[in-house]
Each structure stands twice: as C-alpha cells, then as structure tokens.
Amino acid sequence: MSPHHGGAGWGVLDAVAVLVLAAGAAGYAAALWWARRRSPWPPGRTVLWFTGLACAGAALLGPLARAAHGSFPAHMVVHLLLGMVAPLLLVLAAPVTLVLRALPVAGARALTRFLRTPPVRVVTHPVVAGTLDAGGLWVLYTTGLYASMHTSALVHAAVHAHVLLAGYLFTAAVAGVDPDPHRGSFRLRAAVLVGFLTVHSVLAKRLYGDPPPGVGAAEAELGAQIMYYGGDAVHVALLVVFFARWYASGRPRARPVSPPSRCRPGTPARRRAPRAGPG
C-alpha cells in the first residue's frame, strides 16, 4: 500500500502539520512569557508539553510517518505516539491553566465562560470523550477508512486530527490536571477508563486475526502486538496518573498554624482582668 506522495496535497499536509506544531510551541512559550510575573511555573510541565509536541511531530513527519504508509507495524507506532503518548504528555502540561494565568482578568473570565458552554460540556464528558476515541479507532480499522487514509491526503489529515484530538479529550476527561467545571465523578471516570482499556485490547486482538484489507498476516500480527502491548504500557501510565489525581483530591488540606505567642520565654501569659460584677 503506497500513497501518491507526488501530489501537491501531501506536501500541503506536511506544511500544515509543521505550522500546527510550531503554533503549539509558540503559543505555550508566549503564555509562559505573559505569566512570568505570577508564581513560578513548574518546569516539568514545560518539558511535558514540548515532549508531547515532539511525539506528535515524529508521528506526523519524518521517516516514521513515511514508513507508516506502507507498513502496518509502523502505522501502529504512529497510532501509539499520536493517539496515546502525545495526548497524555500534553494534558499533564496543563495548557489551560497556563493560559488562564497568562490572560488578563477579562480574557480569563471569557475563557472560563466558554469552558462552561453546553457544547464544550458535552464533548468533554467522559462517556462522550471515550466513545469518540474508542469508536473512532474501531471505525478506522474495521472499515475501508484505513485504506482510504493512505491514498487521500484529506482523509489522512482528518484521521490524524481526530486521533490526536480524541485522545486529548479522553485523557483530559478522565485524568486531566486543568480546571474542569463539570468533571465527572471518580466512579464514572473509572468505569469509562476501564471500558476504554477493554475496547482497545479487544480491537488489538481482533486485528491479530482479522486485519484491515491490504495488510498481510505477518504485518497484522506484529502491528496488533504493538497495539496491544504498547497500549498496555501507556494505559499503566494513565492509570498511575488517574489514581494519583484521585489520591491528591482526597487528602485533607493542611490547616493554618496559629502564630506563636509574643511572650518572652519564662514570662507567664497575661491574664485577662475579671469583669466587674453588677452593682
């Protein structure tokens, strides 16, 4: 299966990917600059953001992206990087929190109002986000969409955009660190997470014996194994983040310590004078 890379559409697709990744890097850097007067931003989050962009870039551009057009195992590596690893790293970088710190008060309030709108509330619901992510993968590998994405630059771009955005929405819905005015309950998010892990594993097992059209048996087996075991590794990391967030949210907050008495050592505290009785 070899795409027609000679067409102008594939060059435009690569250029758009470069622009999107550059915009993500520049936007985060600009937010860091505008928020510099506030409390220090954790440097680990900055590292996570740019590492996530690097994972997405490796999946969209370069030798791995080119190999994925004709190799099902390479395609599965792209799937893991773009749909699972990059979203987890980008979510943990807390971009919404950084933007809220960088914006003026009016802008932060406008963004908060937008996050509370019904459309955003629907797509960020754990059930909806999980369905978009798992359902999109199921449609990709059980229909003719997989073959179409390697012959049409437009379909290729749409599939990759969906994989990245759906992966981000799902990860943010179940284990996000940014403020969420309508975050689902722990039980609901846990159920959705377990359901997604199950669907992902079942799909990998199905691809082992029933690959998409045009994929040979040997490549199908190797690609399914990459999806199954590589997915499990990312799932373990996601579970660690999920339970760490749950544990942190359940810890009691430290009570403020009363200031020490100003009495000098050895000096008894002054007693309050008794109130005069009636009469």
Side-chain angles (χ1 to χ4, degrees), residues 17-57 81-126 128-129 132-133 161 164-186 188-189 193 234 237-257:
V18 171
L19 289 176
V20 171
L21 293 172
Y28 201 90
L32 286 172
W33 172 259
W34 287 108
R36 69 189 185 279
R37 296 182 180 180
R38 295 180 176 268
S39 57
W41 183 252
R45 290 183 174 177
T46 303
V47 173
L48 289 170
W49 179 261
F50 286 98
T51 304
L53 291 181
C55 290
L81 287 175
L82 189 63
M84 301 181 73
V85 179
L88 178 59
L89 296 174
L90 296 176
V91 166
L92 293 180
V96 177
T97 301
L98 179 60
V99 171
L100 289 173
R101 288 162 57 100
L103 288 174
V105 175
R109 289 177 178 174
L111 177 57
T112 302
R113 287 194 299 269
F114 171 75
L115 295 176
R116 294 178 181 272
T117 57
V120 175
R121 184 169 185 172
V122 170
V123 298
T124 57
H125 191 277
V128 176
L132 289 173
D133 198 359
L164 179 60
L165 293 177
Y168 183 93
L169 285 175
F170 169 71
T171 306
V174 299
V177 297
D178 280 319
D180 188 346
H182 35 256
R183 191 181 303 277
S185 66
F186 170 77
L188 174 63
R189 288 182 287 126
L193 181 56
V234 182
L238 181 57
L239 285 170
V240 170
V241 173
F242 175 75
F243 283 107
R245 294 286 300 163
W246 169 72
Y247 177 76
S249 65
R251 286 192 306 173
R253 297 182 180 179
R255 296 181 179 180
V257 180

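The residues of the chain are indexed from 1 along the displayed sequence.
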* Mutual orientation of the aromatic rings belonging to Phe186 and Phe242 [parallel < 30°, tilted 30-60°, perpendicular > 60°] -> parallel
* Take the angle between the ring planes of Tyr28 and Phe50 and call it parallel below 30°, perpendicular above 60°, tilted in between. => perpendicular
* Asked: Sub-3.5 Å donor-acceptor pair from the side chain of Arg45 to the main-chain atoms of Ala94, do we have one?
  -> no
* Between OH of Tyr168 and CG of Leu82, what distance do you get to the nearest 0.5 Å? -> 14.5 Å
* **Check: Val177 and Thr97 side chains under 4.5 Å, non-hydrogen atoms** => no
* If you look at every heavy atom in Ala102 and Ala31, which pair is closest and at what distance? -> CB-O, 3.5 Å
* Hey, is the main chain of Val96 close enough, under 3.5 Å, to the side chain of Asp178 for a donor-acceptor pair? -> yes
* How far does CG of Asp133 sit from CE of Met84, to the nearest 0.5 angstrom? -> 8.0 Å
* Asked: Rounded to the nearest 0.5 Å, what separation is found between the CG atom of Leu88 and the CG atom of Leu238?
  -> 6.0 Å
* Asked: Do you know which two heavy atoms are closest between Leu169 and Val123, and how far apart they sit?
  -> CD1-O, 4.2 Å
* Structure fact -> In terms of heavy-atom contacts, Arg38 and Arg101 come closest through NE-O, 2.7 Å
* Minimum-distance pair of heavy atoms, taken over all atoms of Pro126 and Arg189 -> CG-CG, 3.8 Å
* Structure fact -> Here the gap from Leu81 atom CG to Leu164 atom CG, rounded to the nearest 0.5 Å, amounts to 11.5 Å
* To do: Please confirm whether the backbone N or O of Pro104 pairs with a side-chain atom of Trp34, one donor and one acceptor, at under 3.5 Å?
  => no
* To do: Starting at CG of Leu132, measure out to CG of Leu165 and round the result to the nearest 0.5 Å.
  => 10.0 Å
* Asked: Closest approach of Leu89 and Thr51, non-hydrogen atoms and distance?
  -> CD1-CG2, 3.8 Å
* To do: Looking only at non-hydrogen atoms, find the nearest pair between Thr171 and Pro87 and report the distance.
  => OG1-CB, 4.0 Å
* Flag yes if more than 12 heavy atoms outside Arg36 fall under 6.0 Å of its CZ atom; otherwise flag no. => yes
* Do the non-hydrogen side-chain atoms of Leu90 and Trp49 ever get within less than 4.5 Å of each other? -> yes
